[in-house]
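In what follows, a single structure is set out as structure tokens and then discussed.
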Amino acid sequence: MSDTPLLLRDDRDGVATLVLNRPRARNALSHALLTALSEEFARLSADESVRAVVLAAEGPAFCAGHDLKEMTAYRADADRGAARFKDLFDLCSSVMMAIPALPQPVIAAVEGIATAAGCQLVASCDLAVAGTEARFATPGVQIGLFCSTPMVALSRNLSRKAAMAMLLTAELAEAEEARALGLVNRVVPAGTALREAQELAAGIASRSAYTVRVGKRAFYEQLEMPLAQAYAHAGRVMTENMLARSAEDGIAAFLDKKAAR
């Protein structure tokens, strides 16, 4: 077994950069890599020195989805892999849900393909920056395995018809199309997505960590609520935020035409 870590981490100036490190496997989400992501997200959630996270990948592909070779090997089990398939998909879902639950914003830096669960990973991030050569797809229907779990994240980023089109046709969406659909925020020259994502993260990291944390949590909470309940919840959050020192000092600085700290 190789001693090469499946997930790399580099912290600089309040920004943690995580790098998927299975380039020969196109960074497929093996059980071990998903476990590494789960453990790292747990560490990040408790790390107050980190104010933003960038998720990137080593090699020419961002992530090709689940490791189909690993999954095929599960079929040798007595239950034809049922137990291990469920464990894998449950683990993957927990990793995807951990991203919006993190107090820090997470920015995907995408170069090359992001397909199936790799596309799900991009959709699960709070923001995404893509190089011009990035491509996105949920091609499971081509091999008889509908991308049902990627569908959850995809359908929460795109319109219903756009999500269904990706899921049913398996067509690759180029970077600019993905931006138009709402899957990514910015398209940048190929090879610069990581740098651009880190610069975006640095800007976010310069803001009040408390304010960003409160805002991110409230954003995802209100999405699941009816309109009136969402407004009531957001009002309570803003009241709490107004009483925080960061808002008091920031508003005072704005009114005095001074730079906020």
Side-chain angles (χ1 to χ4, degrees), residues 5-9 16 18-45 53-59 61-77 79-102 104 106-110 112-128 134-158 163 166-167 170 178 183-184 220 223-224:
L6 299 175
L7 185 67
L8 309 175
R9 175 174 169 175
L18 303 182
V19 180
L20 307 180
N21 193 35
R22 298 189 71 209
R24 291 185 179 180
R26 297 192 296 174
N27 296 306
L29 296 174
S30 63
H31 193 284
L33 179 52
L34 285 168
T35 299
L37 280 167
S38 178
E39 292 172 350
E40 201 59 62
F41 288 152
R43 282 188 283 268
L44 283 166
S45 68
V53 179
V54 172
L55 183 61
E58 187 67 31
F62 178 76
C63 178
H66 285 295
D67 190 326
L68 295 179
K69 289 183 179 179
E70 179 181 74
M71 293 172 67
T72 298
Y74 294 169
R75 294 190 185 280
D77 294 354
D79 63 354
R80 298 182 57 242
R84 288 207 281 177
F85 290 149
K86 183 179 186 303
D87 175 65
L88 178 68
F89 293 133
D90 286 349
L91 173 60
C92 185
S93 295
S94 71
V95 167
M96 301 300 169
M97 290 188 292
I99 295 174
L102 279 176
Q104 306 95 338
V106 181
I107 306 169
V110 187
I113 62 164
T115 55
C119 189
Q120 178 186 7
L121 189 57
V122 176
S124 297
C125 290
D126 303 300
L127 301 171
R135 300 290 184 271
F136 305 84
T138 47
V141 69
Q142 291 181 321
I143 59 172
L145 182 66
F146 198 84
C147 286
S148 298
T149 45
M151 172 183 69
V152 176
L154 199 67
S155 64
R156 282 161 170 75
N157 280 241
L158 279 58
M166 287 190 70
L167 291 161
L183 185 57
V184 302
Y220 288 108
L223 279 177
E224 306 301 323

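Position 1 is the first residue of the sequence, and the numbers go up from there. The analysis underlying the following values was restricted to heavy atoms, covering all of them including side chains, and did not include hydrogens, waters or symmetry mates.
- The line from CD of E40 to CG of L102 is 10.5 Å long, rounded to the nearest 0.5 Å.
- A donor-acceptor pair is defined here as one N or O able to donate and one able to accept, closer than 3.5 Å; such a pair exists between the side chain of N157 and the backbone of A123.
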- Show your working on side-chain contact (heavy atoms from CB on, under 4.5 Å) between L7 and L37 and close with a plain yes or no. CA-CA 7 Å; L7 185 67; L37 280 167; 3.9 Å; yes
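- When all heavy atoms of C119 and A114 are compared, the pair lying nearest together is CB-O, 3.4 Å.
- Between I113 atom CD1 and N27 atom CG the span is 9.5 Å, to the nearest 0.5 Å.
- Note on residues 83-93: pairs passing side chain to side chain donor-acceptor pair (under 3.5 Å), not counting sequence neighbours, are H31-D87, D77-R84, K86-D90.
- Rounding to the nearest 0.5 angstrom, the gap separating the CZ atom in F41 from the CD atom in Q104 is 10.0 Å.
- Exactly one residue among L55, L8, L6 makes a side-chain contact (heavy atoms from CB on, under 4.5 Å) with L20. That residue is L55.
- The shortest heavy-atom contact between S30 and R22 is CB-NH1, 3.4 Å.
- Closest heavy-atom contact between A28 and L33: O-CD2, 3.5 Å.
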- Item | CA sep, side-chain torsions, deciding dist, call: R26, F62, side-chain contact (heavy atoms from CB on, under 4.5 Å) | CA-CA 7 Å; R26 297 192 296 174; F62 178 76; over 6 Å; no
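- Of all the heavy atoms in I99 and C125, the pair that sits closest is CG2-CA, 3.8 Å.
- In plain terms, the two heavy atoms of G59 and P23 that are nearest each other are CA-CB, 4.0 Å.
- Summarising the geometry of G65 relative to A116, their closest heavy-atom pair is CA-CB, 4.2 Å, with the distance given to 0.1 Å.
- In this view, F85 and Y74 satisfy the ring-ring contact (aromatic ring centres under 6.0 Å, His included) rule, not counting sequence neighbours.
- Evaluation of the ring-ring contact (aromatic ring centres under 6.0 Å, His included) rule for F89 yields H66 as partners, not counting sequence neighbours.
- Two residues are said to be in side-chain contact when any heavy atoms from C-beta on lie closer than 4.5 Å; I107 and V53 fail this criterion.
- Annotation: the span from R156 atom CZ to S124 atom OG amounts to 10.0 Å, rounded to 0.5 Å.
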- Task: For side-chain contact (heavy atoms from CB on, under 4.5 Å), just list the numbers for L88 and L34, CA-CA rounded to whole Å, side-chain angles, deciding distance to a tenth of an Å, and then say yes or no.
- Result: CA-CA 9 Å; L88 178 68; L34 285 168; 3.8 Å; yes
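- Between the side chain of D126 and the backbone N or O of V106, at least one donor-acceptor pair lies under 3.5 Å.
- Surrounding CZ of R43 are more than 12 heavy atoms belonging to other residues, nucleotides or ligands, all under 6.0 Å away.
- F136 CZ to L183 CG: the interatomic distance, rounded to the nearest 0.5 Å, is 5.5 Å.
- Looking only at side-chain heavy atoms (C-beta outward), T35 and V95 stay at 4.5 Å or farther from each other.
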- Could you check L154 against Q120 for side-chain contact (heavy atoms from CB on, under 4.5 Å), going step by step and ending with a plain yes or no? CA-CA 6 Å; L154 199 67; Q120 178 186 7; over 6 Å; no
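- Going from atom CG of L29 over to atom CG of D67 covers 9.0 Å, rounded to the nearest 0.5 Å.
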